Number of protein chains: 2
Amino acid sequence: MGEVGTKGVPRAERERQILDVATDAFGRKGYAAVSIASVAAEAGISKPLVHGYFGTKDGLFAACVRRAGGQLAEAIEEVLARPGDTAAKVEQTLRAVFTVLEPRPYVWNTVFDRTLPPEGEAAEAALAVRARIADQAERGVAEALAAAGSADPLDRAALTEVWVSAVTALVNWWLRHPEQSAEQMVRRSRLLMRTLSTGS
Amino acid sequence: MGEVGTKGVPRAERERQILDVATDAFGRKGYAAVSIASVAAEAGISKPLVHGYFGTKDGLFAACVRRAGGQLAEAIEEVLARPGDTAAKVEQTLRAVFTVLEPRPYVWNTVFDRTLPPEGEAAEAALAVRARIADQAERGVAEALAAAGSADPLDRAALTEVWVSAVTALVNWWLRHPEQSAEQMVRRSRLLMRTLSTGS
DNA sequence: ATGAATTGACTTTTGAGTAACTTACCTAGA
DNA sequence: TCTAGGTAAGTTACTCAAAAGTCAATTCAT
């Protein structure tokens, strides 16, 4: 256990390991409830190494959120860039999100963590990623609303928020039913979205 | 400031004040990110008084969640007890939830806090309230799903979560646009719910 | 043999929880 | 109506544990 000295693991690989463990922990329990020591233990290394590579806890979180946000935003962007009607895009966006999230469903909650300290690098990074995702969502939402006959910017802002929140809810439900595949989640989401409108 | 001795505020009222402040803080930042000291400061009293009334931090959270859960469950129950078809109930439930959540939108986040320590009174109380609300919502949701051709209990559970989460998002949006009336919000919600299904 | 990887053993800060004291209110008896 | 004393409300000043962050020493790969 207590062996000192290098183990021959290059920094890049070790950083990836740490980010994997930390993202999972942050997403499960939230920023405040995660200790650097527990992350280090889970990764099989010592606390100072984490600090050596990522500086502060804030820095570690920021790194997690930037990587996660990059993966998510990229997948969504790819869908939006493709041609197609609104119906297709909604479904493809859902599929993209669930597919990216499938191996690490906690990524989403990391980005939308509410327990961050209001100041600092972590909060800034999270806000940036959220803004990017909200911006992407708004583009898709605008189309759908136009089809429904509304061009009201208030409608657009509200629906964007509802949409993001609905995805969050689906992801959290998924976390408690990990046996579901991404494809099952897409199919289920389609049914649920359709049902939401029956009462109206 | 540092005046010692009683200020003549009876225990019941002080407890209510503390619960108000604590529920808001827990709902905003999550269990782990809230300190007893900050709650006490915000309530204008000292830390030991909070401990004297609620024991541990776990006990304080449990008290918050029980009160919050009671308020929510009661309002929903009242709507469900009234006769009417699915469409009417959806709309009435929306109206009821908006009304209950308006003065304290963070109540929902408190009940569904993910940063709770897995063991202890707080987690138990939260689970109990979640189960109660989920059970109520599921009754309403089951009807709508039946109309859409699904009797899958997993669908029901997931939709319940999505639905309440969507409503919460609407409430949070509403707080940032207070010029909107409750009736406008109900109408807007109807449009948004309908639009959500365009893709399917 | 140089530098990157890595840790043990610190210091410091923060926050939960407690002990012991102080003050105000309220009622029973004179 | 006045006062003695019990009880409820409240604080200051601590203890203790956990967790953030630092430093200097150590080992391995090239």
Side-chain angles (χ1 to χ4, degrees), chain A residues 1-19 21-22 25-26 28-64 113 115-123, chain B residues 1-19 21-22 25-26 28-64 113 115-123:
Chain A
M1 311 230 185
E3 301 289 308
V4 80
T6 182
K7 291 164 187 162
V9 179
R11 175 164 183 159
E13 189 182 336
R14 197 57 105 187
E15 283 183 342
R16 196 180 43 71
Q17 287 176 2
I18 296 172
L19 286 181
V21 168
F26 283 135
R28 267 177 208 277
K29 311 199 265 180
Y31 179 90
V34 172
S35 74
I36 300 284
S38 71
V39 169
E42 183 105 0
I45 57 176
S46 73
K47 197 164 48 119
L49 191 54
V50 178
H51 277 110
Y53 285 169
F54 294 99
T56 71
K57 185 179 176 181
D58 246 50
L60 174 60
F61 186 94
C64 288
D113 192 344
T115 75
L116 294 178
E119 313 260 308
E121 196 185 350
Chain B
M1 298 270 173
E3 301 287 309
V4 81
T6 181
K7 291 163 189 162
V9 179
R11 174 164 185 159
E13 189 182 335
R14 197 59 104 188
E15 283 184 341
R16 194 179 45 70
Q17 287 176 3
I18 296 171
L19 286 180
V21 168
F26 282 136
R28 269 176 207 277
K29 313 200 265 181
Y31 179 90
V34 172
S35 75
I36 300 285
S38 71
V39 169
E42 183 107 0
I45 55 176
S46 72
K47 193 163 52 119
L49 190 55
V50 178
H51 277 109
Y53 284 169
F54 294 100
T56 70
K57 185 179 176 180
D58 246 50
L60 174 60
F61 187 93
C64 287
D113 193 343
T115 74
L116 293 179
E119 314 260 307
E121 196 187 351

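Labels below follow one simple rule: chain letters A, B, ... track the order of the sequence lines, proteins then strands, and each chain is numbered from 1. These numbers come from a predicted model, not from an experiment.
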Sugar-phosphate only, base, or nothing, as touched by B:L49 at under 4.0 Å among non-hydrogen atoms: base
d(CD1, B:I18; C1', D:dG10) in whole Å: 11 Å
Atom pair distance, as rounded to whole Å: CD in A:E15 and C1' in C:dA4: 13 Å
Where protein sits on nucleotides 22-30 of chain D, one letter per nucleotide: B base, S sugar-phosphate only, - none, heavy atoms under 4.0 Å: BB--BBB--
Any B:Y53 side-chain N or O less than 4.0 Å from OP1/OP2 of D:dA8: no
Criterion side-chain hydrogen bond (donor to acceptor under 3.5 Å, both in side chains) against A:Y31, the qualifying member of A:D113, A:D58, A:T115: A:D58
Between P of D:dA19 and CG of A:L60, the distance in whole Å: 15 Å
Touch class at under 4.0 angstrom, heavy-atom based, for A:V34 against every strand present: sugar-phosphate
B:I18 side, atom CD1; B:C64 side, atom SG - distance, nearest 0.5 Å: 9.5 Å
Touch class at under 4.0 angstrom, heavy-atom based, for A:S35 against every strand present: sugar-phosphate
B:K57 side chain vs B:V34 backbone, donor-acceptor pair below 3.5 Å: yes
Shortest non-hydrogen contact from A:A123 toward A:P118: CB-O, 3.7 Å
Distance, nearest 0.5 Å, that separates CG of B:L60 from CD of B:E121: 10.0 Å
A:R11 vs C:dT6: side-chain N/O to OP1/OP2 distance below 4.0 Å: no
Rounded interatomic separation in angstrom, taking CD1 from B:I45 and P from C:dT23: 19 Å
Validation row: B:V39, B:F26 side chains within 4.5 angstrom (heavy atoms): no
